Novice: 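Here you go, one structure.
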Amino acid sequence: MPDFIANSPAFKPPAPQPEPKVAPDFVLPPFTEQLYPSAIGGHRDAIVAASLPVLADVAAQANACEKCELCKTRMKAVPGVGSARSGIVFVGEAPGADEDLRGEPFVGRAGELLTKMIEGMHQRALIPGVKLDRDEVYIVNVLKCRPPDNRNPLPHEIEACSPYVMRQLEALQPRVICCLGKFAAELLLGMKGTISSMRGKTYRWKGAKLIVTYHPAYCLRSPSAKRPVWDDLQRLAQEYLTD
Ligand code: URA
């Protein structure tokens, strides 16, 4: 069991989980696009090189963005951090107070947990031969600016901001996208649903496989969610390793 689960003071052995339910009207689209490459065998070098100017341009645009009211209350925009090298992208919701101060996603308590989750994947060698840490994956949010008082993103904010994350994903060409929470999942899947109805399946976003899991902030509030998150990360690794 990785440290981020076992060291949790509130850790309890997992209760048997009912089978995850998928929104009944959701039909998986056919997988027609060629899968983006994994990092095994150096097949991502060209993607890494091509992604750099695009990621820099998105960051410059986000830093100067005035498309919604959040620009008036932000300290710093939070474009994203990491690299296309591993081919794994984590998509969160929106910056919180710590991220707003630093201009970097997932640096507060939820971020510490996300970092431990990524390191746990590396320590357990879930993807043998692929280094996994914050510098090797890419970490990004649906919104680039902090909503006041950490309220949920509003639909018009998501609409205004989502072209940035879409452009980042197009440049990153991830092998696997991990949606952390409802806002990322709903945006990238184009469907509404609860996390428990959406997780436990593998979806597609262009040439990436996509999985959904609980947001690390939810795991801090409900530590028993860490076990299903670890299950989801193992699914992510399996999907990464298979065509
Ligand atoms: N929660 C998020 O969704 N993103 C962050 O960057 C921090 C907390």
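Note that the structure is predicted; figures quoted are calculated from it, not measured. We count ligands from 1, going down the list as the structure has it; atoms in each ligand are counted the same way. FYI, the numbering just counts along the sequence from 1.
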Novice: When you compare ligand 1 with F106, is there at least one nitrogen or oxygen pair between them that comes in under 3.5 angstrom?
Specialist: yes
Novice: For ligand 1, which atoms sit closer than 4.0 Å to a heavy atom of E93?
Specialist: 2 (C), 3 (O)
Novice: Can you name the closest pair of heavy atoms from D100 and M75 and give their distance?
Specialist: OD1-N, 2.8 Å
Novice: R85 pairs by salt bridge (Lys or Arg N to Asp or Glu O under 4.0 Å) with which of D133, D135, D45?
Specialist: D45
Novice: Can you tell me which residue and heavy atom of the protein come closest to atom 4 (N) of ligand 1, and the distance to 0.1 Å?
Specialist: N141 OD1, 2.8 Å
Novice: In Å and rounded to the nearest 0.5 Å, what is the CD to OG distance from Q173 to S51?
Specialist: 9.0 Å
Novice: Quick one: which of G92, G181, A94 has a heavy atom closest to atom 8 (C) of ligand 1?
Specialist: A94
Novice: Considering the heavy atoms of P105, write down every atom of ligand 1 situated less than 4.0 Å from one of them.
Specialist: 6 (O)
Novice: If you compare all heavy atoms of V176 against all heavy atoms of E239, which two are closest, and at what distance to 0.1 Å?
Specialist: CG2-C, 4.5 Å
Novice: So which bit of E99 gets within less than 4.0 Å of ligand 1, heavy atoms only: side chain, backbone, both or neither?
Specialist: side chain
Novice: Could you tell me, atom by atom, which parts of ligand 1 come under 4.0 Å of a heavy atom of H215?
Specialist: 1 (N), 2 (C), 3 (O)
Novice: May I ask you to say whether D243 pairs ionically with K209, meaning some side-chain N is under 4.0 Å from a carboxylate O?
Specialist: no
Novice: Answer with side chain, backbone, both or neither: which part of P216 has a heavy atom less than 4.0 angstrom from an atom of ligand 1?
Specialist: neither
Novice: Regarding R146 and E99, does a basic nitrogen lie under 4.0 Å from an acidic carboxylate oxygen?
Specialist: no
